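Structure record follows, encoded as C-alpha cells.
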Amino acid sequence: MEPYVRPSSAIPDPARIAQYWWDRNAEDYLREHPALGEIRFQWSPEGYTEEDLRLLPDRPGRILEIGAGAAQCSRWLAAHGHSPVASDVSAGMLKAAAVLNERTGVHVPLVQADVTALPFAESSFDTVFTSFGALSFLPDLTAAFAEIFRVLRPGGSWIYSVTHPFSWVFPDSPFAADLTVIRPYGTAEAYVEEADGQAVYAEFPHTVADHMNGLVGVGFLIEGFLEPGWKAGTDETWGAWGPDRGAMLPGTLIVSARRPANLARHRPQPKAGRTGRPRTPSAQ
Ligand SMILES: C[S@@+](CC[C@H](N)C(=O)[O-])C[C@H]1O[C@@H](n2cnc3c(N)ncnc32)[C@H](O)[C@@H]1O
C-alpha cells in the first residue's frame, strides 16, 4: 500500500470514511491498545494521564468528549464525580463503549455525532475535550473548531491531543534511527488506504499553523501548547510512538484553548479552506 497517494481535496466525505473504518476496526483497536484501559483518561501514547497533567479546569462543569471511541476518558471523569457526554461518529466504537459501560458499571451517555455537526444547542457545555479523537480524520480543522466553539459557553474550555504535526514528515516507525524526512511538512496529501478502489481509511496532516490559525480564526484564545516527552515507565510501543523515538522528538501535541467570555470583544470571521499552508512563490 502506497501512503500519501491522494490530495486531501480528493477525499469527498471524510466523516463517512472514518465511520466506515472505525465501525469495522473498533474491536481490533481496543485489543491492540490495552493501555487505553476501561476507566482511564490517557492523553497520549507517551502515557500521560489527566491525573498527571490536570489539563481540564478544576470545575469542568458540563463536559463533552468528541471522538470518544470507547469512552474510557469520560468513564474516568464519571468515576471522579463528573457528568460527561461521550460522542463519536462511529456506531462500532460506541457499541464498544456501551459494552464497557455495562462491564464496569460506570455508565456514561453515548451520542453518535460527527464533530462538524454536533446535535447540541449553542453554549451547551463548559468543557469540550478529546484525546486523539476526530481531528486527524478531517482535512480542514476549521469546521470542527467552529462547531466546538458554538457548543461551548462563553468562557468555556477546549482541550485536545493530536499526533504532533512534525510526525507526518517522518516514517511511521518508533525508532530514532528512522527519523529521516521523507515527505514535506505541510503536505496537502492525505494518508489513504483503499480497498476495491475505494478509500477506506484517510488521515490528514495538519501543521502547527493549521492548529493556531484554525483556533484563532474561529475565535478561540489559545492558552497553552504541550509537547510531552516519553513518560518513564511507559513501555507500550504504539505505531510511531515508542520510548526510543520519544526520547528524541515529541509524538503528541496537546492544546488548551478558551472561548472568550466577552463576546463583544471577539468577533472573528471563520475562514473556509485549509489554514496556514506554507506560501509558495506560485501561490503568492
Ligand atoms: C484514534 S481514535 C481515538 C478514540 C479515543 N479518544 C481513544 O483515545 O481511544 C479516533 C476516534 O475518532 C473518531 N472520529 C473520526 N472522525 C470523526 C468525526 N468526524 N467526528 C467524530 N468522531 C470522529 C473515530 O470514530 C474514533 O473513535
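Note that the coordinates shown come from a computational prediction; the quantities given were computed from them, not determined experimentally. Because only heavy atoms are used, hydrogens play no part in the values below, and waters and symmetry mates are left out as well, while side chains stay in. Whatever order the structure lists them in is the order used to number ligands and atoms, beginning at 1.
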Taking only non-hydrogen atoms of Leu36, do any sit less than 4.0 angstrom from ligand 1? yes
Is the gap between the ring centers of Tyr191 and Trp168 under 6.0 Å? no
Quiz question: by atom type and distance under 3.5 Å, do the side chains of Trp241 and Thr252 form a donor-acceptor pair? yes
Would you say ligand 1 has an N or O under 3.5 Å from any N or O of Trp22? no
Do any nitrogen or oxygen atoms of Ala134 lie less than 3.5 angstrom from nitrogen or oxygen atoms of ligand 1? yes
Going by an N to O cut-off under 4.0 Å, is there a salt bridge joining Glu51 and Lys231? no
Within 4.0 Å of some non-hydrogen atom of Met93, the atoms of ligand 1 are 27 (O)
Which of these, Val162, Leu135, Val89, has its nearest heavy atom closest to atom 17 (C) of ligand 1? Val89
Using a distance-only test with no angle check, is there a side-chain donor-acceptor pair under 3.5 angstrom linking Glu38 and Thr104? no
With a heavy-atom distance limit of 4.0 Å, tell me whether Ala113 approaches ligand 1 through its side chain, its backbone, both, or neither. backbone
In the protein, which heavy atom is nearest to atom 8 (O) of ligand 1, and how far is it? Ser131 O, 3.2 Å
For atom 11 (C) of ligand 1, which candidate among Leu138, Thr130, Asp88 provides the closest heavy atom? Asp88
Ala68, portion touching ligand 1 at heavy-atom distance under 4.0 Å: backbone
Centroid-centroid under 6.0 Å between Trp21 and Phe137 rings: no
Answer with yes or no after comparing the ring centroid distance for Phe41 and Trp43 against a 6.0 Å cut-off, counting only values under it. yes
Phe225, CZ: over 12 other non-hydrogen atoms inside 6.0 angstrom: yes
Polar atom proximity, Tyr29 to ligand 1 (N or O, under 3.5 Å): yes
Quick one: look up the protein heavy atom nearest atom 20 (N) of ligand 1 and list residue, atom name and how far away it is. Val115 N, 3.0 Å
For atom 19 (N) of ligand 1, grab the closest protein heavy atom and report residue, atom and distance to one decimal in Å. Asp114 OD1, 3.0 Å
Would you say the ring centroid of Tyr160 lies under 6.0 angstrom from that of His211? yes
Examine Gln72 against ligand 1 and note whether any of their N/O atoms are separated by less than 3.5 Å. no
Could you check whether the rings of Trp158 and Phe220 sit parallel, tilted or perpendicular, using 30° and 60° as the cut-offs? tilted
Over 60° means perpendicular and under 30° means parallel, so tell me whether Trp238 and His33 are parallel, tilted or perpendicular. parallel
Any heavy atom of Ala18 under 4.0 Å from ligand 1? The part involved is side chain
N/O to N/O below 3.5 Å, does that happen between Gly67 and ligand 1? yes
